[in-house]
Amino acid sequence: MTFIPVILILSTMFLLSSSRLRTVIGVVAMQGLFLGLLPLLKSLDHLSLSIIILSLSGIIFKGIVLPLLMLKVIKETGIQRDVRPYVSYGASLPAGVLLLAFSAWLTIRMDFPAGTSLLIVTMAMFMMFIGLFLMISRRLAIMQSLAYLVLENGIYALGIGISLEVPLMVELGILLDVFVGVFLMGNLVFHLDREFQHTEVDGFILSDEASEGDSPKL
Amino acid sequence: MTLLLILILLPAVIGVISWFISANKLRRQLWILTAFVHLALSLQAALYPPQVPSSSWIGIDALSVIFLPLTSFLFFIVSVYGSGYVAREPADQGPLPEEEGRLNNTSESVFTGTMLIFLATMSMSILSQHLGMQWMAIEATTLASAPLIYYHRNRNSLAAAWKYLILCSVGIAIALAGIFFLGLGLPAGMQDLTMSALLHNASLLNPRWLELAFILMLVGYGTKMGLAPMHNWLPEAHSEASSPVSALLSGSLLNCAFLGILRIQQLNAAAGKALFGQELLILFGLLSIGVASIFILGQTDYKRMLAYSSVEHMGILALGTGIGGLGALGAILHLINHSVAKTMLFLTAGNIHSRYHTKLASHITGLGKSMPITGFLWLAGFLGVVASPPLGIFISEFTIIRAISSLGMWLVLGLLMLFLTLAFIGMANMFLKMYFGKPDVAVKRENRSGVIPIFILVVILLALGFYVPHWLWQAISNAVQLIEGVKP
């Protein structure tokens, strides 16, 4: 049971040092699979239909469909790796170690009620922080959408860690939102790449002069 | 109950059907018809609120009674305007043009259909009585509106849509973490996140988790509402979207996010921690007004200026709610006024943009002569948005100012007056320069569907300036009671 959080923490740490999009997508897919298994393993002795549905849909959406979609996007746009992130890969790793220590410290300090799985909560916090960190430290739009997925995975794990029972409908709705959100992001990356011939987020210049200054006045 | 479900499902279903209707005229008429039916049903639901069991996830309370008809009415106005707009700026105008202009639009059926789905998600977020479901609905509004922002598929709108989607999704994700932490504060054995259950057990909530939940939800939903310093995406999204969409984003969608904040403030108040939330709301409110007024001052793009003005007015809503009492009454009235005024201004801006094809104010002079009706509406909107009498916003802003001075919060009052003056100077400078002067385009007859809906909004704004009817005050004070923690 404890092996899943450990694997997830290590894989999240690994995300910080990989520039190849294919690798990052693979790791995020693996996280989706393990996170889908987590509620199943956590309540093995009192399995219910809603837990099974939730686990399965999590595995299918986050572990299979979204990663495949992302692979399609990088195949069609020909983007391979984020070569010049804002924070270098060498510096990202120590930052990750610090964030992990901070997550553990925060989890202990926050004084969770008894019955909370501190390991899972630490992992959840760590994934949330890394999601936010990747969001601001990477330059490619598609990396940002993957970072969003990591953040969402972290929040999902938080929900499991504190064992809050949210009705199945709401859980599935949240999952659907994440799915549609990442789907739209993939679609947008595709359009952005066509319009800008690149997808580095600081290169999406919004200038009124460029777009409007030359247009004829009627 | 069925009525409330219809309010959510009707626009969603018709929206999906609209995707597949290829006859333009039929689809546009269906759009207006659906909006009208939705408005009629919303009024029915607001006047005779259907009884729902208290454990239900959807319901209509005193806050929804104000938000729902307002959203539905503005959507109806936008649909009348918008069906003319899509006819004037059609989709699929042949091969891709080289220049980045207004051409190359997404096909119109997708636009209309997504608009209706957007209405469905907004209705759902207003009618949600379960915090998880409300979160889901608010995130769904982001997802439904992002494709609308890049209806004009040019670089600017794509980049704006990207920024909107990423920043709001992250913001709202943080709000979800807040909801989970609130779940930790529930008394033992309780797992229910419906508003009525939470309010009735508010005194048993663990105050520490409630505080954390409030902060995360304020930051999360505040991102979506456009409170500074999380407002970064708003000026771009609201100015790059096509005008009917901008009108809905500013006039209706921001309110839905505000409702998310009001829900958790309801809990704060019921748990006896109203002051904690109010102080933060005052802080974020003042900051937003200040940041917006500075950006309004140096603005060259008129749609962007309207977007910053939305940040300013969202700040005023947060500030008024933070003041509480009379201030909160003013804030809810202000919410109505601002929605009407901003919708009319963005629609008017749409007319101007259709004619001049530029968003730079410096390229436009003599609106009063070149487009007399639109020019007049533009001027009326200016008076509205800077809170000048006799228009409605004056009354609501004055109410909030009176509340602040009666509490003797002179520092807050001083800052507010300073920021409002700055914003006034910036807006007067732009609006008046656009209105007066020599026109450089020929006078052309203005489109009826482009001005009549806006006129209706001006009349409402004017009427609210002279007289706020008793029933409206009653509805507003009922809503304020909820914010102040009264259990439904």
Side-chain angles (χ1 to χ4, degrees), chain A residues 110-113 116 124 128 131-132 135 141 144-145 147-148 151-152 154-156 158-159 161-167 169-174 176-178 180-185 187-189 191-192 194-196 199 201 203-218, chain B residues 57 99-102 130-133 135-137 139-140 142-144 146-147 150 153-156 158-163 165-166 169-170 172-174 176-177 179-186 188 191 193 206 208-209 212 236 239-240 300-301 304 355-360 363 440-442:
Chain A
M110 277 170 86
D111 197 15
F112 282 92
T116 314
M128 285 161 63
L132 290 171
M135 187 75 76
Q144 289 193 329
S145 49
Y148 171 70
L151 171 69
E152 269 297 341
I155 292 171
Y156 179 79
L158 182 71
I162 62 182
S163 30
L164 177 69
E165 275 171 38
V166 182
M169 276 279 287
V170 175
E171 287 267 22
L172 289 179
I174 293 172
L176 184 70
D177 271 347
V178 173
V180 177
V182 177
F183 180 85
L184 276 177
M185 286 173 198
N187 183 26
L188 257 173
V189 167
H191 285 299
L192 283 166
R194 213 182 52 187
E195 280 291 327
F196 290 88
T199 55
V201 286
F204 300 155
I205 301 159
L206 285 167
S207 79
D208 303 305
E209 284 74 21
S211 70
E212 310 238 14
D214 321 324
S215 64
K217 280 210 272 175
L218 301 178
Chain B
W57 296 353
E99 89 276 16
E100 297 160 24
R102 69 221 159 79
H130 182 283
L131 288 183
M133 178 161 157
W135 182 90
M136 189 179 103
E139 171 67 6
T142 312
L143 303 176
Y150 63 98
R153 275 198 189 154
N154 55 34
R155 289 186 169 198
N156 285 354
L158 279 169
W162 177 260
K163 204 167 172 184
L165 191 56
I166 284 284
S169 294
V170 169
I172 297 172
I174 290 171
L176 182 61
I179 295 174
F180 283 163
F181 281 124
L182 181 68
L184 274 180
L186 295 178
Q191 291 278 4
L193 287 176
N206 182 327
R208 215 161 44 92
W209 294 116
L212 181 62
E236 274 149 43
S239 65
E240 295 305 334
T300 55
D301 174 332
R304 222 167 233 265
R355 190 67 203 283
Y356 284 82
H357 304 297
T358 177
K359 288 193 301 187
L360 290 180
H363 289 189
D440 48 5
V441 295

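Letters go in sequence order (proteins before strands), and every chain restarts at 1.
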For B:A173 and A:E152, which heavy atoms make the closest approach, and how far apart are they? CB-OE2, 3.7 Å
Hey, does the side chain of B:R155 reach the backbone of A:F196 with a donor-acceptor pair shorter than 3.5 angstrom? no
Contacting region of B:I172 [heavy-atom separation from chain A under 4.5 Å]: neither
Checked A:V180, A:L132, A:I162 vs chain B; the most non-hydrogen pairs under 4.5 Å come from A:I162
Answer key: most heavy-atom pairs under 4.5 Å with chain A among B:A161, B:S169, B:A146, B:G183 is B:S169
For the residue pair A:Q144 and B:W162, what are the closest heavy atoms and their distance? OE1-NE1, 3.2 Å
Would B:L212 and A:M110 count as a side chain to side chain contact (heavy atoms under 4.5 Å, CB included) here? Give the steps. CA-CA 10 Å; B:L212 181 62; A:M110 277 170 86; 3.5 Å; yes
Begin from the C-alpha positions of B:W209 and A:F112 and carry the test side chain to side chain contact (heavy atoms under 4.5 Å, CB included) through to its verdict. CA-CA 10 Å; B:W209 294 116; A:F112 282 92; 3.7 Å; yes
Is it the side chain or the backbone of A:L184 that comes within 4.5 Å of chain B heavy atoms, both, or neither? both
Sort B:L143 into side chain, backbone, both or neither according to what part of it lies under 4.5 angstrom from a heavy atom of chain A. both
Provide the closest heavy-atom pair for A:M128 versus B:A177 in the form atom of the first, atom of the second, distance. CE-CB, 3.9 Å
Could you check B:M136 against A:L176 for side chain to side chain contact (heavy atoms under 4.5 Å, CB included), going step by step and ending with a plain yes or no? CA-CA 9 Å; B:M136 189 179 103; A:L176 184 70; over 6 Å; no
Please assess A:L188 against B:Y150 for the test side chain to side chain contact (heavy atoms under 4.5 Å, CB included), listing each intermediate value before the final yes or no. CA-CA 9 Å; A:L188 257 173; B:Y150 63 98; 3.8 Å; yes
